[in-house]
Amino acid sequence: MSQYNYWVVIILMMIGFYIVISHGNLVKKLIGLSIFQTSVFILYISMGKVTGGTAPILDPDYTVFSNPLPHVLILTAIVVGIATTAVGLALVVRIKEAYGTIEESEIQQKDDEEC
Amino acid sequence: MIIDIISWFCLLVGGFLCISGAVGIFRFPDFFTRMHAASVTDSLGSGLIILGLVLQSSEWIVVSKLIFILLFIFLTSPTSSHALAKAALHSGLRPWTKPSASRDDK
Amino acid sequence: MFTAASAAILISMLLALGRAFIGPTLYDRILSVNMFGTKTVLLIAVLGFLMGRPDFLDIAIVYSLINFISIVAILRFFEYTQPSKDNVTSADEGEHE
Amino acid sequence: MTIEFLIDIIILGFLVITAVGIAVSKDLFASVMLAGIYSLLSAVFFVVMDAVDVAFTEASVGAGISTILMLSTLTLTGQFEDPSRHNKILGFVVVFITGSLLIFGTTDMPIFGDAFAPVQLHLAPHFIENSYAEIGLPNIVTSVLASYRGYDTFGETVVIFTAGIGVLSLLGFSSGSSTRLSSVIAPMSQHKILRVVSKILIPPILIFALYVQFHGDYGPGGGFQAGVIFAAAIILYAMVFGLDTARRVINQSVVQVLSALGVLLYGSVGLISFLNGKNFLDYSALAHDPLHGQHYGILLVELGVGITVTAVMVSVFFTFASRVDKEHGGNA
């Protein structure tokens with residue numbers, strides 16, 4: 001049971017990966033990508049946890065703190081993640097305008113017809 | 001000691017109300033009855049749980065934050081329920097009536 | 001006692017999650033997302049007490065506010081995806097109270 | 001087994017169930033809503049893992065902005081996905097093999113929560129023991145974010161700014177003539193109670209965002225979180241009272257200038273310490289007492305981050321929403 005968190009991280013990561021590679025809809029792919037991303041966040045935060053520790057905000061009542069470094073990395077990664085997701089969604093909207101669809105196979109088909 | 005007992009009572013009753021509301025949302029036959037179960041027990045349940053926490057806290061900053069949470073929940077939860085019910089009614093969803101009752105209300 | 005309260009909240013979260021899965025209409029899903037949000041606020045508040053550092057209630061405050069915004073967003077954008085609303089003229093009578 | 005670990009197990013189980021639900025659902029609207037639940041759950045998980053600052057960020061980003069952007073995209077691209085999936089079995093095989101290899105890899109990982117794992121021995125003890133003497137702030141995360149790793153955070157802020165520019169250049173700077181047609185009917189005009197409650201709630205949200213911005217040195221919070229919350233209040237206003245009304249209150253070109261201004265503020269704090277003969281972003285150069293210098297530096301840098309994040313989120317929302325309005329004639 002001691003590796004439970006890491007197993008869950010891998011399961012979530014694989015679910016996200018599966019959505020990205022086997023679904024054709026571009027918005028769905030982005031949702032899968034965000035699941036994948038969150039699983040990485042969970043991995044980092046799990047590694048920073050110390051048993052019996054508390055949140056890394058200094059307080060004279062506590063001596064054991066969890067590792068603050070992963071928290072910093074993930075905090076910025078979340079906001080950067082939403083910013084890049086916004087760019088991805090903007091691309092999807094443009095693709096919809098250019099091709100009339102956001103299904104991967106249909107886009108491929110239209111590209112082939114043009115060649 | 002008395003305060004402890006009161007707060008435990010509040011937490012337990014609040015927890016019970018949360019579960020009963022959730023059972024309602026799971027078991028009731030249509031959207032409007034589910035919404036009724038959810039919103040009625042949600043307000044009282046969260047109110048009681050927050051009250052129980054208030055009685056347990058010693059610092060005034062914690063108490064005031066809890067009261068803010070309660071205030072926001074009491075403002076937002078009924079509002080979103082109301083807006084949701086209105087939107088559902090607009091979209092053509094009709095309240096569930098007993099199957100044997102007359103079906104002539106559209 | 002905090003343990004019992006958090007257990008109750010977790011059970012109701014599970015039931016709301018179930019409704020979010022099976023909910024036949026999208027409104028059921030919105031309802032369960034809303035309920036899930038309220039439960040999350042409560043769970044974070046109770047967890048703060050359970051772990052002995054109740055001064056982190058700011059997160060619960062944020063949730064109670066952001067939840068409302070996301071429900072408004074869902075309703076706002078959901079109206080666009082709906083088909084025509086011609087059949088509700090009778091319901092519109094009571095709008096302007 | 002402690003109660004914390006038990007809650008950890010349950011929350012992670014919920015996360016897996018929700019992720020499976022997202023994968024299975026054909027209705028993209030339902031997927032987005034489940035993704036909202038997924039984000040709520042991961043925030044609870046972060047609280048259980050003591051990462052209160054991260055939970056704060058996830059709370060304001062995941063449930064709010066992310067859902068709003070996904071939904072506005074869905075109104076433009078359609079609600080349902082094509083059920084014909086070409087490489088279902090191949091995908092499953094690839095995922096299964098990769099997953100098994102990774103799970104095999106976890107046997108080498110240190111035990112969860114081990115205080116003597118390699119991660120805990122390198123930098124963290126220095127931060128935990130010395131940050132109060134060196135920076136003078138109780139919140140170690142803020143100290144590390146703004147001071148020890150200030151250069152890194154500067155880079156992240158620039159990435160957010162660049163993403164904002166990317167969205168603007170993809171979806172167009174101006175909304176053109178169609179807004180004139182739509183300005184007559186405000187959206188959600190039929191939801192009177194919603195409008196009143198939003199009017200009541202927007203000022204507390206803005207004040208709370210300021211509290212998060214300036215209290216971030218002492219508790220959970222900081223520029224990133226405050227920026228997102230501030231933007232969320234403006235987005236709420238725009239959704240309830242109409243995009244044009246919001247544009248009249250907050251001019252979009254001002255927002256675009258502000259997004260650059262935040263990055264500039266951050267960079268110029270670094271330059272000032274440069275000119276005073278210290279390293280780039282070494283805040284002890286800002287005042288005679290190094291500790292005071294650190295305080296000033298962190299305050300200014302967090303302010304810059306907050307301004308950039310707010311401006312980028314608002315301008316991204318405005319861009320998406322004006323597309324939606326154009327597509328659907330502007331009224332609900």
Side-chain angles (χ1 to χ4, degrees), chain A residues 2-8 10-12 14-15 17-19 21-25 27-28 31 34-35 38 41-42 45-51 53-58 65-69 71-72 74-76 78-80 82-87 89-94 96 102-103 105, chain D residues 9 12 15-16 19 22-23 28 31 35 42 46 49-54 57-58 61 65-66 69 73 76-77 81-82 85 87-88 91 95 99 102-103 106 109 111-113 115 119-120 123-124 127-128 132 138-141 144-145 149 153 156 159-160 163 166-167 170-171 224 309 316 323:
Chain A
S2 61
Q3 312 285 8
Y4 175 79
N5 277 38
Y6 304 133
W7 298 335
V8 170
I10 289 165
I11 294 169
L12 288 175
M14 287 306 117
I15 292 171
F17 188 38
Y18 177 75
I19 295 176
I21 60 175
S22 78
H23 283 246
N25 189 297
V27 176
K28 187 87 173 197
I31 297 174
S34 75
I35 292 178
T38 310
F41 299 163
I42 292 173
I45 298 296
S46 302
M47 286 169 87
K49 170 76 180 168
V50 176
T51 309
T54 181
I57 293 174
L58 293 170
F65 296 97
S66 288
N67 192 340
L69 196 56
H71 300 185
V72 175
I74 296 311
L75 194 162
T76 50
I78 290 176
V79 183
V80 169
I82 180 66
T84 47
T85 306
V87 177
L89 290 172
L91 272 173
V92 170
V93 171
R94 291 293 292 196
K96 169 78 176 178
I102 54 165
E103 293 292 333
S105 51
Chain D
I9 288 176
L12 287 176
L15 272 173
V16 172
I22 293 171
L28 288 171
S31 295
S42 58
F46 294 146
M49 293 287 115
D50 302 334
V52 277
D53 275 282
V54 182
T57 319
E58 181 70 39
V61 169
I65 308 278
S66 160
L69 290 182
T73 309
L76 293 168
T77 57
E81 68 172 314
D82 193 357
R85 277 182 271 154
N87 43 13
K88 200 173 174 181
V95 161
L102 283 174
I103 285 187
T106 58
M109 300 274 283
I111 290 170
F112 170 69
V119 200
Q120 321 289 3
L123 272 170
F127 292 146
I128 291 169
Y132 195 73
N139 187 350
I140 308 173
V141 174
V144 179
L145 178 88
R149 295 182 61 87
T153 310
E156 310 269 19
V159 170
I160 293 167
V167 172
L170 278 169
L171 292 184
F224 285 100
V309 172
V316 164
R323 274 295 158 121

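Chain letters run A, B, ... following the sequence lines, proteins first and then strands; every chain starts at 1. A quick note: this is a predicted structure, and the numbers were derived from the prediction, not measured.
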Handout entry: Non-hydrogen atoms of A:Leu69 and D:Leu123 that approach each other most closely
Key = CD2-CD1, 3.8 Å
Fill in the blank from the handout: Minimal heavy-atom distance between A:Ser66 and D:Met49, with the atoms involved, is OG-O, 4.4 Å
Handout entry: Which residues share a salt bridge (Lys or Arg N to Asp or Glu O under 4.0 Å) with A:Lys49, sequence neighbours left out
Key = D:Glu4, D:Asp50
Please state whether the side chain, the backbone, both or neither of [X] comes within less than 4.5 Å of a heavy atom of chain D.
X	result
A:Ile15	side chain
A:Ile42	both
A:Ile35	both
A:Ser46	both

Practice task
With a 4.5 Å cut-off on heavy-atom pairs, point out which of A:Val27, A:Ile11, A:Ile19, A:Ile82 contacts chain D the most.
Solution key: A:Ile82
Side chain from CB out, backbone as N, CA, C, O: work out which of these in [X] comes under 4.5 Å of a heavy atom of chain A, or both, or neither.
X	answer
D:Val61	side chain
D:Val316	side chain
D:Val159	side chain
D:Thr77	both

What residue in [options] has the most heavy-atom pairs under 4.5 Å with chain A?
options	answer
D:Ala51, D:Gly166, D:Ala124	D:Ala51
D:Leu28, D:Ile111, D:Val52	D:Leu28
D:Ala163, D:Ala35, D:Gly113, D:Ser42	D:Gly113

Fill in the blank from the handout: Residue set satisfying side chain to side chain contact (heavy atoms under 4.5 Å, CB included) with D:Ile128, at least two apart, ordered chain then number -> A:Phe65, A:Pro68, D:Ile140
